[in-house]
Protein chains: 2
Amino acid sequence: MSGEPPPRSIPTATAGRLPAYHRALVAAAAAGARTCSSAELAAAVGAHPDQVRKDLSHLATRGTRGVGYPVGALVDELAGVLGLATERAVVLVGVGNLGRALATYDGFAARGLRLAALVDVDRRVVGRRVGDLAVGHVDELPALVRRHRVELGVVAVPAAAAQAAADALTGAGVTALLSFAPAHLRVPDGVVVRSVDVATELQLLGLLRGRPAARAGT
Amino acid sequence: MSGEPPPRSIPTATAGRLPAYHRALVAAAAAGARTCSSAELAAAVGAHPDQVRKDLSHLATRGTRGVGYPVGALVDELAGVLGLATERAVVLVGVGNLGRALATYDGFAARGLRLAALVDVDRRVVGRRVGDLAVGHVDELPALVRRHRVELGVVAVPAAAAQAAADALTGAGVTALLSFAPAHLRVPDGVVVRSVDVATELQLLGLLRGRPAARAGT
DNA sequence: TTCTGTGAACAGATTCACAGCA
DNA sequence: TGCTGTGAATCTGTTCACAGAA
């Protein structure tokens, strides 16, 4: 649980790989490993050992030559950097097919996230129960965000409604969004948006087929 | 419907943005636009006009100076490059929460994809109906792939089962995989893997919070 | 001898600047 | 004058090569 602040600013590309390292190291720890070499880690995440070392060099935890990296310390530091240590509240907008699947997704808790509220624009689904939460109306967002101190919003609405959902969330004070809508979201400065787009990925597969190297990207 | 072959090899980074351009142009066409400038396109996808022009310069369709790009021609060429013209069969492995949401996802058809079969390892769900398909067993994959000429496999199983699912798919002859499991998949040469990882994205949001520029990536 | 840590070389992508055509 | 097309410059990220500690 090292409360280490990020030692320096971590390059974007490296940051994108940290979750994978964290996963692999948690698995290694579960398997009883106390130490892990860059080669082992590279094999686990599908990268080159060089890259693993360069990436990890941005962290405070150092490996020992001839041996490898200390699994426990690295897991702790990564958890700290990724913010898994502190619990944060999440609100999910849109309880269609995808929204319901996400609402019952058990991966939130493991990432230090607590699903605090569900909302939708459609008055017909408001009040309905999904998992162990009742669906609220989008208009209640400001109150919900304040009450639960929500920091992260998940956008699971159709593309046409995505910008409105983003506006409602940022307007209510949410500063990080994860969108599943195939659309570009315009947000105020200081708000982080990541977007997971199944439609785009499907199209890319069509394009990448019959290409040289294909990196499993995220 | 231009059957144009990709004029040259398109850089990876550019390729990743083509689906977004395609979406934006389809929207523009629907709005009645016959022409679209790089600035408009840039605003729609959240990029700089310079970049849009550079990206589009890899395609055969040219814009006209002082006017912009021809919407219809660009949409057609992009559809061709992205392989939206030819229908391809998809098999989905894993009919848990996520799998069922994907099975009823209506975005496949719009990308030239037809969901041809569903399979699972769990004998208890085999035979069950999801959408308008019956769930088959993973052992039937080779037969299903052959029968429906499946080209694309979607992996919607837990991380621990993902490698086995990938092996089954590639073993049956599927050459493109879209994985939703938070794990690195090892596949034979020539097989393309893309991975959509909600867990990773959630962790990244924690890390990126309070950062300068945050590109909405995919 | 093994494996980390890092400077240096390299490759790829983005941004800039501007020439040129409608 | 407006907007495309593209070489040049810059920036970011990856790979290489090797010095040095355990």
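Computed from a prediction, not measured in an experiment: that's the story for all the values here. Letters A, B, ... are given to chains in the order of the sequence lines, protein chains preceding strands, and every chain is numbered from 1.
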*How many angstroms lie between CG in Leu92(B) and OH in Tyr105(B), if you round to the nearest 0.5 Å?*
13.0 Å
*asked:* Given the structure, check if the side chain of Arg53(A) and the base of dG5(C) hold any donor-acceptor pair shorter than 3.5 Å.
replied: yes
*Figure out the NZ/P separation between Lys54(B) and dC11(D), and round it to whole Å.*
16 Å
*asked:* I need the CG-C1' distance between Leu56(A) and dT6(C), as an integer number of Å.
replied: 14 Å
*For Leu59(A) and dG5(C), what is the distance between atoms CG and C1' respectively, to the nearest whole Å?*
13 Å
_N or O in side chain of Tyr69(B) less than 4.0 angstrom from dC3(D) OP1/OP2_ = no
_Between Leu56(A) and Thr61(A), is there a side-chain heavy-atom distance shorter than 4.5 Å?_
no
*asked:* By nearest heavy atom, map Gly66(A) and Thr14(A) onto DNA chain D; which one lands nearer the 5' end?
replied: Thr14(A)
*asked:* What is the distance, to the nearest angstrom, from the NE2 atom on His58(B) to the P atom on dG5(D)?
replied: 12 Å
*asked:* Using a 3.5 Å distance criterion without hydrogens, assess whether the side chain of Glu40(A) forms a donor-acceptor pair with backbone atoms of Ser37(A).
replied: yes
_Between Asp167(A) and Gln163(A), does the side chain to side chain donor-acceptor pair (under 3.5 Å) criterion hold? Intermediate values first, please._
CA-CA 6 Å; Asp167(A) 292 346; Gln163(A) 186 60 56; 2.9 Å; yes
*Roughly how many Å is it from CD in Gln51(B) to P in dG12(C), rounded to a whole number?*
17 Å
*Verdict with reasoning, Thr200(B) to Arg23(A), per side-chain contact (heavy atoms from CB on, under 4.5 Å)*: CA-CA 9 Å; Thr200(B) 294; Arg23(A) 271 200 318 255; 3.0 Å; yes
*asked:* So if I take every side-chain heavy atom of Asp50(A) and compare against dG20(D), dC16(D), dT15(C), which nucleotide ends up nearest?
replied: dC16(D)
*Round to a whole Å and report the spacing from CG of Asp55(A) to P of dT6(C).*
13 Å
_Check this for me: Arg34(A), atom CZ, are more than 12 non-hydrogen atoms of other residues, nucleotides or ligands nearer than 6.0 Å?_
no
*Nearest to the side chain of Arg65(A), which nucleotide is it out of dT6(D), dA21(D), dT14(C)?*
dA21(D)
*Heavy-atom contacts under 4.0 Å between residues 36-47 of chain A and DNA chain C, which residues?*
Ser37(A), Ser38(A)
_Minimum-distance nucleotide to Arg62(A) side chain [options: dG5(C), dT15(D), dT14(C)]_ = dG5(C)
*Can you measure from CG (Leu152(B)) to CG (Leu177(B)) and round to the nearest 0.5 angstrom?*
7.5 Å
*Considering only dT6(D), dA13(C), dC3(D), which nucleotide approaches the side chain of Thr12(B) most closely?*
dA13(C)
